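Everything on this sheet refers to the single structure shown next.
None of these values were measured; they are calculated from a predicted model. Proteins come first, then strands; the chains are lettered A, B, ... in the order of their sequence lines, and each starts at number 1.
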Amino acid sequence: MSIALNHFEYMRGCVVEILSDLASAGSLPVETDFSRVSVEPTRDPKHGDVATNAAMVLAKPAGLKPHDLAGQIIAGLDNVEAVQSAEIAGPGFINIVLNNDFWHQRLGEVLAAGTAYGTSTLGQGKRVNIEYVSANPTGPMHVGHGRGAVIGDVLANLVAKAGYNVTKEYYVNDAGAQVDVLARSLHLRYREALGEDIGEIPEGLYPGDYLIAAGKALAERDGKKWQTGDEAEWLEPLRDFAIEAMMDLIREDLAALGVEHGVFSSESELVGGGGVDAVMKTLEDRDLIYTGVLEPPKGKKPDDWEERPQALFRATQFGDDVDRPVKKSDGSWTYFATDMAYHLDKFNRGFADMIDVWGADHGGYVKRMQAAVKALTEEGGALDVKLCQMVNLLDKGEPVKMSKRAGTFVTLREVIDQVGKDVVRFIMLTRKNDAQLDFDLTKVMEQSRDNPVFYVQYSHARCCSVLRHAEEMFEANEINMEAMQKADFKRLTDSAELALIKIMAAWPQTVESAAEAHEPHRIAYYLHDLSAAFHALWTKGSKEDTSLRFLSEEDKPLTVARLALVKAFATVIASGLEVMGVEPVEEMR
RNA sequence: GGCCCCGUAGCUCAGCUGGAUAGAGCACCGGAUUUCUAAUCCGGCGGUCACAGGUUCGAAUCCUGUCGGGGUCACCA
């Protein structure tokens, strides 16, 4: 059982029970398949709380008209305790209104569960590996990395809340040519630290200032040990030193963003430990590796294209468009080859479900990796890849000009320091992962309704304000959690109050569907909608009908019931923000 | 040329895996402030869901094709 009732699932259960009864009574064929029967929210609240398509889906197999079957289902629904009314609409929908008691019970559930509200057992403890960030250890993170970091992190929280056993993983690309370049770049900074004039950083090396500190640290640790020697002598130790320094940098950035990985996997360890060779040998034995010649891409041909035979993986057998090289011309493994070994390693560690979060520029890589997983796990594993589109950094609507060379590059850390981690995390989720995102440094700090971070935080702060005022009006034991849970919820009858409860009650379903779809941005949208319902109730009480104000000296029982509503709302907001890794704000003066 | 993503209101974008009369914010127009925070709310205006076929009770959503925008295309990661 989940910690809260998913009322759509609950009502679906009721409908299916009625259908089963109809089947045993002979009104429906005994073997009728109910799998297409769904219970969903209505588009328009005027249509009721939930609607089912049962009559439309089953009319044909039952040999009945949708309306006739609907009539029989409605007769059954009238006997369901939670149902206030049910009626046929449109082509055969059954619109269902649930009674207030049912909604009041949901309110009690929220209070009982606290921020654990919405936690589900959907995943049944199944293990899922989510690999994200995996930024190359060659410098500090930029804003685009930050988006992937947030999407991966929140997706992990979300999937965990839906009942899966999640491992957050970072793949360290500490092998290959680029970390050699890093080592050479460090060597320059190291000589600089020892007093040499190194002049301009040559083209092709990393010019960033962040290596200066690493150079100094190396000079302090090792003195002049590597200053004059041959590259062959110092390359490896400097590489290790540089990677360690860069990973420290990245870990600091991640910590500032509130992101923490459980596992760091090293590419070089995988290669060094023979993991790649073993996997390739296995593939060769299965005749999935062969020596062939690739055709150059049609359209534009690369200038330095040379036709040559190379070791290819039969990716086309598993859904890819062409077979993919696993060896470079110098005989070493391609990145793809090591990545295959890495994904098999994850599978062998017990993760049949894998999710990778990548930048959109790696889009062309998805099919081959999925083909690889299919081949390596013999269909036992599944890989979903979330591609993150670019982040356009703006200030007051103008693009922020960035150049690595000119040293005007804005790092993720600078943005976090400027606007705060909570704002960064929230804004990163205000678009689907595969849509481009504008991040305006000024706009995200504005206190207005078109800033979703503020809008949601403000609704929570307003709650806290009400609860603070209540403390002056009541003795502590009159409005503690116990008292709120015993409050007379039946007093909450206004449409705006009930509307708020109904959206709160949709939280468990939101968690489950967003987790299943691997779409963390839905949480941000949900919280915005939930906040809107609260702001609406607030203003309704203060303007249209002051009897709807939360605090009333004259009617304390009613006030306690309303405080319970306020508390429950704040709890669901907090629960959602917890998934997003954002701290709820209690005051915004 | 192949592959992937995208095309929804003047602008920025949602649309819960196929549901009803397609939604929200901004902008524009008009309202609400003796207050628990008006940093908010309510109403109005605004659409050929790029286009053409197809699948079915039913399509913004799935399939095919066309047009337009972006990304990517051995030996980088």
Find the distance [X]:[atom1] to [N]:[atom2] and express it as a whole number of Å.
X: A:L530; N: B:A24; atom1: CG; atom2: P; answer: 17 Å
X: A:N392; N: B:U12; atom1: CG; atom2: P; answer: 12 Å
X: A:D450; N: B:A14; atom1: CG; atom2: C1'; answer: 16 Å
X: A:R36; N: B:G19; atom1: CZ; atom2: P; answer: 12 Å
X: A:R43; N: B:U61; atom1: CZ; atom2: C1'; answer: 11 Å
X: A:I427; N: B:U12; atom1: CD1; atom2: P; answer: 17 Å
X: A:I96; N: B:G19; atom1: CD1; atom2: C1'; answer: 15 Å
X: A:F8; N: B:G19; atom1: CZ; atom2: P; answer: 14 Å

Any idea which of [options] is nearest the [X] side chain?
X: A:N53; options: B:G19, B:U40, B:C75; value: B:G19
X: A:R449; options: B:G19, B:G25, B:C75; value: B:G25
X: A:E519; options: B:A14, B:C36, B:G15; value: B:G15
X: A:H535; options: B:U40, B:C26, B:U12; value: B:U40
X: A:Y335; options: B:C41, B:A74, B:A77; value: B:A77
X: A:K328; options: B:C75, B:A14, B:C16; value: B:C75

Separation of the P atoms in B:U55 and B:C63, to the nearest angstrom: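 B:U55 and B:C63 have their P atoms separated by 15 Å.
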Gap in Å between the two P atoms, one belonging to B:U17 and one to B:C13, rounded: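 Nearest-Å result for B:U17 against B:C13 at atom P: 24 Å.
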Residue matched to B:A50 through Watson-Crick or wobble contacts both under 3.5 angstrom: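 B:U66 is the nucleotide pairing with B:A50.
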Watson-Crick or G-U counterpart of B:G43, or none if no pair lies under 3.5 Å: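 Partner of B:G43: B:C29.
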Counterpart residues, salt bridge (charged side-chain N to carboxylate O under 4.0 Å, His left out), relative to A:D323 (two or more places apart):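 Expected list: none.
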Which residue lies more 5' along RNA chain B, comparing A:S38 with A:H521 via nearest heavy atoms: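 Here A:H521 is the residue nearer the 5' end.
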Under 4.0 angstrom between [X] side-chain N/O and [N] OP1 or OP2:
X: A:Y455; N: B:C41; answer: yes
X: A:K60; N: B:C57; answer: yes
X: A:W538; N: B:A38; answer: yes

Check: A:H362 side chain, B:A77 base, donor-acceptor under 3.5 Å: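 Counting by modelled atom types and ignoring angles, a donor-acceptor contact under 3.5 Å is found here.
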hbond_proxy A:N95 side chain to B:A20 base (donor-acceptor, 3.5 Å cutoff):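 Yes, the side chain and the base share a sub-3.5 Å donor-acceptor pair.
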Could you tabulate the donor-acceptor pairs under 3.5 Å formed by side-chain atoms of residues 54-71 of chain A, not counting sequence neighbours?
none

Min side-chain heavy-atom separation A:K443-A:D438 under 4.5 Å: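 Sidechains of A:D438 and A:K443: no contact.
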Over all atoms of both residues, closest heavy-atom pair of A:K328 and A:W333: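 Scanning both residues completely, I find the closest heavy atoms to be CE-O, 3.3 Å.
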Base, sugar-phosphate, or nothing for [X], non-hydrogen atoms under 4.0 angstrom?
X: A:R522; result: sugar-phosphate
X: A:R308; result: base
X: A:V57; result: base
X: A:A51; result: base

Short N-O contact, A:E497 and A:R562, less than 4.0 angstrom: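 Here A:E497 pairs with A:R562 in a salt bridge, since their nearest N and O are under 4.0 Å apart.
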SB check A:D545 A:K540 (cutoff 4.0 Å):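 Here A:D545 does not pair with A:K540 in a salt bridge, since their nearest N and O are not under 4.0 Å apart.
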Plane angle bin for A:Y365 and A:H362 - parallel if under 30°, tilted between 30 and 60°, otherwise perpendicular: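 A:H362 vs A:Y365 ring planes: perpendicular.
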A:Q389 vs A:L437, side chain to side chain contact (heavy atoms under 4.5 Å, CB included): CA-CA, chis, key distance, verdict: CA-CA 7 Å; A:Q389 266 293 354; A:L437 170 71; over 6 Å; no
CA sep, side-chain torsions, deciding dist, call: A:Y335, A:N173, side chain to side chain donor-acceptor pair (under 3.5 Å): CA-CA 9 Å; A:Y335 182 76; A:N173 299 131; 3.2 Å; yes
Any protein N or O atoms within reach of nucleotides 3-6 of chain B? Criterion: under 3.5 Å, listing atom names and distances.
{"unit_1": "B:C3", "atom_1": "O3'", "unit_2": "A:K367", "atom_2": "NZ", "d": "3.1"}

